Amino acid sequence: MHSALNRAQGVFGFFTTVALFVAGLAALSVLLYPTDAITSSIKIRDAKVTKGRPHYYSTKKEEYAQLRFDLDADLTPLFNWNTKQLFVYVYASYPSDPSDPTSPLSHSVVWDTIVRAKESPYSIDALRERFSRATSSTKKRPSKMKMTSTKKTNPHGVLKLRDQRAKYSIGDVSGKMAGRENVTLSVGWNVQPWVGALWWSPGSGSVPRTEGDIGVSKGVDLPALKSKVMASAGAAGAAAV
Ligand SMILES: *[C@@H]1O[C@H](CO)[C@@H](O)[C@H](O)[C@H]1NC(C)=O
């Protein structure tokens, strides 16, 4: 005869096996959602170079480039039932050696954002909300779903930014950014799932990768210290190099 403990162990063991199997299926199911319809495009609007200190007590000043850009991206294909949130970022690439345009590129992230998946109508919060509304009509709690849906103006997963200021300025070990040539901006993303692998954007070099079109801007040349250059003039300069 089996004791109660044996039975409990058997049930628990079966439960964990089933949970593992279901999680594996959920992780694999994202392969059923095509991601090749993703589009993104980015354009540099403005570039500025200023001097600043790397930290408060530093006596040495370094040059930093601050960019502004326009971004259009349709990342809706990345939202499937296993998507928890997207990490979307914009990074600048430029030749690491200012005197050699063919030198390996330096990359640095200048802007990022997190786009959370819409709350499922079957999430614990949504069900609790529906249940409490059905039982007591007097007690009203603010719904998380409503709060997120009123905040959004664009459809979920669509980004449309105009003249967006970069969150982070670019600097590197040389401390010199003025006059750097052919600085481009590119779009990247990470899909953070509920279960399974972290997916990267194409062009990141990491696996697994989604498909889709990563936007890459035209190259601009950074201006001299504390002056501005329009993107079109910079692009013409880059083409002339
Ligand atoms: C600018 O850099 C990109 C890569 O970031 C490269 O493909 C392109 O050829 C470069 N253009 C010039 C004019 O050097």
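Note that ligands are numbered from 1 as they come in the structure, with each ligand's atoms numbered from 1 the same way. All figures in this text were calculated on a predicted structure; none of them were measured in a lab.
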- request: May I ask you to list the atoms of ligand 1 that are less than 4.0 angstrom from any heavy atom of Thr184?
  value: 5 (O)

- prompt: Between Arg130 and Asp125, is there a salt bridge with N-O shorter than 4.0 Å?
  reply: no

Residue portion contacting ligand 1 (non-hydrogen atoms closer than 4.0 Å) for Leu105: side chain

field: Contact (N/O only, under 3.5 Å) between Asn182 and ligand 1
entry: yes

- prompt: Tell me the salt bridge (charged side-chain N to carboxylate O under 4.0 Å, His left out) pairs involving residues 99-115, sequence neighbours left out?
  reply: Asp112-Lys167

message: Looking at Arg165, I'd like to know if its CZ atom is crowded, meaning that more than 12 non-hydrogen atoms belonging to other residues, nucleotides or ligands lie closer than 6.0 Å.
response: no

task: Would you mind reporting whether Leu185 and Val110 have side-chain heavy atoms less than 4.5 Å apart?
output: yes

